[in-house]
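The shown structure was predicted, so the numbers you read here are calculated from the model rather than taken from an experiment.
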Amino acid sequence: MPELPEVEVTRQGIAPHLLDQKVRALIVRNDSLRWPVPAQAQNIVGQIIQGVRRRAKYLLIDTDAGTTIVHLGMSGSLRILPRNTPVEKHDHIDLELENGRILRFNDPRRFGAWLWCELPEQAHPLLSKLGPEPLTEAFNAPQLAAALKGKKKAIKLCLMDNAIVVGVGNIYANEALFAAGIHPEAEAGKVDLERLTLLVAEVKQILAQAIKQGGTTLKDFTNADGKPGYFAQKLHVYGRGGETCTACGNLLSEIRLGQRTTVFCGICQPR
DNA sequence: AATAACACCTGTGTGC
DNA sequence: TGCACACAGGTGTTAT
C-alpha cells in the first residue's frame, strides 16, 4: 500500500534511469487498471523524458509532448529492468528506453493508473483539486486551521482528505494523531491551533523519516530486490489495537472511522 | 454544500 | 486439508 513516502522513494529510484532518455516503445499488455490505459499514452513514444516529478501520490513523467501520469494505487510498483526480463503475473506495462532498459509497471489489485495528459497539469481533473504538499511550507498550521474552520467531520478524515493535505494515508494519519495527542474523532474545526501546530510538525517528521529510511533501503531500483515495500518505521498505534500504548501502557482502542481501521490511545489522545 | 457510503480488486490470513 | 469469507487500502463516484 504505497503511501507518499513509497511513491517519493520510487520517484527517486527511477528518475536517474529515465531522465534524458528517449522512449523506444510503450507496451501495454494488460490495460485493465483503475481506468483503461488510453491510446494517447502512446504519444510518449519517441519523446525524450525531461522530468520525473511527484504530486501527491501521482508520479508525473514529463516530455515535450505531454505528461504520463502514474498512480500506484494499492499494490502497484515500478521497476527498472533489462528489456528481456521475463514477464510475470500482473505485469501491465513496459516503458522501453533506447538504452535497453525498461520501466515495468506491475499491479496485482489494479487500483493503479497509467494516463496521459497534454494539458497543464493544474488543469487535469485528478490534480486540480489537490491540497498542499505536506513536506512544503504550504502545509502549515494557520493554513490547516483555515481549511478546517467550521468542519464538523472527524479530524482524521480531514487529515486523509486530499483537498486539505495530500499524501497522508491511513497508517500515517493514525501515527501522526497519536504523536500529536489528538483524538481521531475530534471535530476538525474545534482542534485548537496549538494542537494543529503539533500535528503539522508530526506529519512532516513522520513522512520525512519514512522517505529517508526508504531512500537508504531502496536506493538501487535496478536491483531485483528494488521493489518498494513497507518501511521499517516504528509504528506506535497502527496495527496495534488491543496492545499497550508505548507512552502510557493503556490498552489501545480500535474503531472504524470512514471505513478505515483507526487505532488510538484514550489516555494520550483525549477528546 | 458537506458528509457518508460505496465501488473497484486480489493476495493473505482466519475460522470452521 | 479445503473452503468461505473478512480484511487491507486510495480515491473517484454516487447517494444522503
Side-chain angles (χ1 to χ4, degrees), chain A residues 1-11 29-38 54-60 69-78 87-93 105-117 121 123-134 144 146-177 184-191 203 206-207 210 227-231 233 235 237-243 254-263:
Chain A
M1 160 278 352
E3 294 234 19
L4 182 142
E6 283 177 274
V7 179
E8 176 59 22
V9 170
T10 294
R11 188 195 70 76
R29 55 175 68 82
N30 179 356
D31 82 341
S32 176
L33 291 165
R34 193 181 218 290
W35 301 280
V37 178
R54 178 186 60 75
R55 176 71 175 107
K57 294 176 185 170
Y58 296 95
L59 285 167
L60 308 174
I69 301 174
V70 181
H71 198 291
L72 300 180
M74 289 293 309
S75 58
S77 64
L78 290 168
V87 173
E88 295 178 12
K89 201 174 181 186
H90 308 305
D91 282 343
H92 286 253
I93 296 171
F105 183 56
N106 177 287
D107 187 4
R109 289 182 211 179
R110 297 196 264 136
F111 283 7
W114 186 291
L115 303 169
W116 177 254
C117 174
E121 71 190 57
H124 194 282
L126 289 177
L127 305 175
S128 63
K129 290 167 188 163
L130 295 175
E133 287 288 329
L144 181 59
L148 297 181
K149 191 169 170 25
K151 293 271 185 192
K152 299 203 181 303
K153 278 200 298 184
I155 182 74
K156 179 171 180 251
L157 297 177
C158 291
L159 193 55
M160 296 176 68
D161 181 347
N162 276 339
I164 292 179
V165 59
V166 302
V168 183
N170 194 39
I171 294 175
Y172 295 128
N174 279 298
E175 294 298 316
L177 288 167
E185 289 181 295
E187 189 177 319
K190 291 188 174 172
V191 179
V203 167
I206 289 169
L207 292 178
K227 192 169 182 174
Y230 296 94
F231 297 115
Q233 185 160 14
L235 299 175
V237 287
Y238 180 81
R240 298 192 63 243
E243 298 179 37
E254 181 165 314
I255 60 172
R256 300 285 288 183
L257 196 50
Q259 321 293 95
R260 293 291 176 262
T261 301
T262 302
V263 188

Report the residues that fulfil side-chain hydrogen bond (donor to acceptor under 3.5 Å, both in side chains) with A/E175, sequence neighbours left out, ordered by chain and then residue number.
none

What pairs with A/S128 under side-chain hydrogen bond (donor to acceptor under 3.5 Å, both in side chains), at least two apart in sequence or on another chain?
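A/S128 satisfies side-chain hydrogen bond (donor to acceptor under 3.5 Å, both in side chains) with no other residue.
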
Close N/O contacts between protein and nucleotides 1-6 of chain B (under 3.5 Å):
| unit_1 | atom_1 | unit_2 | atom_2 | d |
| --- | --- | --- | --- | --- |
| B/dT3 | OP1 | A/K152 | N | 2.9 |

Hey, are A/R256 and A/T262 close enough side-chain-wise for a donor-acceptor pair under 3.5 Å?
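Side chains of A/T262 and A/R256: no pair found under 3.5 Å.
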
Could you check how far [atom1] of [X] sits from [atom2] of [N], rounded to whole Å?
X      : N      : atom1 : atom2 : answer
A/R55  : C/dT11 : CZ    : P     : 12 Å
A/D107 : C/dT11 : CG    : C1'   : 14 Å
A/Y172 : C/dG10 : OH    : C1'   : 15 Å
A/L72  : C/dG10 : CG    : P     : 12 Å
A/K156 : C/dG10 : NZ    : P     : 9 Å
A/K57  : C/dT11 : NZ    : P     : 4 Å

Tell me whether A/R55 is salt-bridged to A/E133, with the criterion being a basic N under 4.0 Å from an acidic carboxylate O.
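Yes, A/R55 and A/E133 are salt-bridged.
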
Pairwise N/O distances under 3.5 Å, protein to nucleotides 12-15 of chain C:
| unit_1 | atom_1 | unit_2 | atom_2 | d |
| --- | --- | --- | --- | --- |
| C/dG12 | OP1 | A/Y58 | OH | 2.3 |
| C/dG12 | O4' | A/R34 | NH1 | 3.2 |
| C/dG12 | O4' | A/R34 | NH2 | 3.4 |

So, is A/T261 near the phosphate of C/dA8, with a side-chain N or O under 4.0 Å from OP1 or OP2?
yes

Angle between the end axes of the helix from B/dA2-C/dT16 to B/dC16-C/dG2, five pairs per end, to the nearest 10 degrees?
60°

Check nucleotides 11-15 of chain B against the protein and report each pair of N or O atoms closer than 3.5 Å, with its distance, or say if there are none.
| unit_1 | atom_1 | unit_2 | atom_2 | d |
| --- | --- | --- | --- | --- |
| B/dG11 | OP1 | A/H90 | NE2 | 2.7 |

